[in-house]
Protein chains: 2
Amino acid sequence: MTLQDRPADAPASLDAFARRLQDMAPGLPKRLRQCADHVGRNLDRVAVSTVADLAEGAGVPPSAVMRFCQIMGFSGFSEMQRLFREDYGGARPDYATRLRALREGAGSSPGALLAEFIDAGRASLERLATQANETAMETATHRLAAGRMIHLAGFRRAYPVASYMAYALERMGVAAMLHSGAGHLDQSQAISADDAVLAITFAPYSAETVDLVALAQKRGARIVALTDGVASPVALAGVTVLTVEEVDFGAFRSLSATLAVAMALAVAIGTRRGTV
Amino acid sequence: MTLQDRPADAPASLDAFARRLQDMAPGLPKRLRQCADHVGRNLDRVAVSTVADLAEGAGVPPSAVMRFCQIMGFSGFSEMQRLFREDYGGARPDYATRLRALREGAGSSPGALLAEFIDAGRASLERLATQANETAMETATHRLAAGRMIHLAGFRRAYPVASYMAYALERMGVAAMLHSGAGHLDQSQAISADDAVLAITFAPYSAETVDLVALAQKRGARIVALTDGVASPVALAGVTVLTVEEVDFGAFRSLSATLAVAMALAVAIGTRRGTV
DNA sequence: GCCAAAATGGAATAAATATTCCATGAGCGG
DNA sequence: CCGCTCATGGAATATTTATTCCATTTTGGC
């Protein structure tokens, strides 16, 4: 790889750009490597930066940045920047502005609180997008779809998630049982080796859920856990673990990310079962 | 208002900018008015546009844009753009890139579905931020907090929202009753004139919720409805209506925005009751 | 309908920014 | 250690972009 052999074509999208960056970065000489690293870590600034800005950020002279643009397949910096400016979907500034306005209210005014919850929800979703483990979700889908029926366990703050999933699965004709704890009946006896269990729980983990997972494991059921990862007590051997980090606001957790995972699972299961 | 008397100081934030735009726009002559309108409707493009771009978009010559920048209090376009570029928190390109990558999978792969749900959730939250009615939320908070206890009604897909609210209110020591329909008991008899009712329902509106609201109205209870606005059957006389538009993905609705409103209400009520 | 004040458009100029080029230095194989 | 190739930095240049200025048009008051 030398500076002579540059790709003939420019990346046509930010994805293509990211891919090419990944491809080329390892074989690049020092200065160009610095450019690649800096650009990679500051993709959002490219649209609003000058050559000089980027050069300074990367600790290289402007001419190095120019060379970098060229080996990436662009005629120069301007062409590269055009890609970033066009693709830039926009941070919906109306949204941002409005959010600030809402937040201006007194600390406990409904508007200010709403702004916080909106922000927590959005942050959770964005984090989920970057952290989601597709492989784990594939595995989870297979295991849950393979069961005769699906047991849903989620109490306290996980209960809304479990109940929405129960609703979705029911709508798609997938047999599911929501373990609600209603009437203090011990529904866990219904779990058999043919079944699949989805346990949803977050710190502080409710004892009912942990017990239910232990029982299900003993019975030989397929188990998937939707939890917050860090040393979750349901992350036993043989359990497929899906982790979701939610952003809290005050004492209350946004459920946005958890719900997104739950719904994606539900629809994937429904599709796989061919019942939709 | 003439072009002579321009403000001495430049807005220091996008908020301040938006406020000033609002202030000044009405009294502006034709061309500058066009600039103001165009900029106001394209705040997200300012950071990545040139004077010529904006001028073309607004249908005015570049010099008009320059004058516009100056009457807004900036020394020129560059200074104004700097404000936009700095504030430009960024569309989290990692997030955007990752989302595209997820979506690349087959239509029903869990990853692709997850991307859709994440996007629907985020879109819902952003829309909520711009459309939320603070006054209505204030009113709703007062009415709900004033009741002896709060009845929560939400079935089918609204049930997760109602149940999370029940959880939150319980945690804050606010008396609340979740009308679950379990056991086919008619819990609605519990509603008295001293109470407040929060009805959560979306098209197709469940009959139970509509009936419950009608009964509560007859009993003289304070009623708040969290619904999707367009001719909702629970928007009766005397009912405080909070509208939330969710973005659907396929057959399933994101609950992100609805949950954000619900949680903001819950915490506002808890605070008002002084129990937190 | 005339006059003054304000607004406008476009061309001229200034400034910022991108891009090229080449002399120099570093690294590598023989 | 020499010679070759490739990488590098900086200065010179080209291009784009912002900004000013002023002649002309429009507007509003009398």
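Numbers restart at 1 for each chain; the letters A, B, ... are given by sequence-line order, proteins then strands. Hydrogens, waters and symmetry mates are skipped; everything else that's a heavy atom, side chains included, is used. Note that the structure is predicted; figures quoted are calculated from it, not measured.
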J.: Can you name the residues that form a side-chain contact (heavy atoms from CB on, under 4.5 Å) with A:Ala16, not counting sequence neighbours?
T.: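 Partners of A:Ala16 by the side-chain contact (heavy atoms from CB on, under 4.5 Å) criterion, ordered by chain and then number, come out as A:Pro11, A:Ser13, A:Arg19.
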J.: Expressed in angstrom and rounded to an integer, what is the separation of A:Arg31 atom CZ from D:dG10 atom C1'?
T.: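 Atom-to-atom, A:Arg31 to D:dG10, this comes out as 13 Å.
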J.: Return all side-chain donor-acceptor pairs below 3.5 angstrom for residues 26-33 of chain B, not counting sequence neighbours, or 'none' if the list is empty.
T.:
residue	atom	partner	partner atom	Å
B:Arg31	NE	B:Gln34	OE1	2.7
B:Arg31	NH2	B:Gln34	OE1	3.3
B:Arg33	NE	B:Ala25	O	3.4

J.: Which residue pairs pass the ring-ring contact (aromatic ring centres under 6.0 Å, His included) test with at least one member in residues 14-49 of chain A, sequence neighbours excluded?
T.: A:Phe17-A:Phe84
J.: Can you tell me how far P of C:dA26 sits from NZ of A:Lys30, to the nearest Å?
T.: 10 Å
J.: Taking side-chain contact (heavy atoms from CB on, under 4.5 Å) as the test, write out the residues that go with A:Thr240, two or more places apart.
T.: A:Thr139, A:Ala140, A:Arg143, A:Val224
J.: Once ring-ring contact (aromatic ring centres under 6.0 Å, His included) is applied, what residue pairs with a partner in residues 120-142 of chain B remain, sequence neighbours excluded?
T.: none
J.: Starting the side chain at C-beta, find the nucleotide from D:dA7, C:dT8, D:dG9 nearest to A:Pro61.
T.: D:dG9
J.: Starting from P on C:dA7, measure out to CZ on B:Phe68 and report it in whole angstrom.
T.: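 Rounding to the nearest Å, CZ of B:Phe68 and P of C:dA7 are 15 Å apart.
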J.: Which residue pairs satisfy the ring-ring contact (aromatic ring centres under 6.0 Å, His included) criterion with at least one member in residues 42-66 of chain B, sequence neighbours excluded?
T.: none
J.: Mind checking what makes side-chain contact (heavy atoms from CB on, under 4.5 Å) contact with B:Cys35, not counting sequence neighbours?
T.: B:Val60, B:Ala64, B:Val65, B:Phe68
J.: Could you state the atom-to-atom distance from CD of B:Gln34 to C1' of C:dT8 in whole Å?
T.: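 Checked: the CD to C1' distance equals 11 Å.
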J.: When the axes are fitted on five pairs at both termini, how much does the helix from C:dG1-D:dC30 to C:dG30-D:dC1 curve, in 10° steps?
T.: 30°
J.: Measure from CZ on B:Arg67 to P on D:dC22 and round the result to the nearest Å.
T.: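 Whole-Å distance recorded here is 14 Å.
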J.: Hey, does the side chain of A:Gln81 reach the backbone of A:Gly76 with a donor-acceptor pair shorter than 3.5 angstrom?
T.: no
J.: Sugar-phosphate atoms are those with a prime plus P, OP1 and OP2; base atoms are the rest. Using that split, label each nucleotide of nucleotides 13-20 of chain C B, S or - for protein heavy atoms under 4.0 Å, 5' to 3'.
T.: ----SSBB
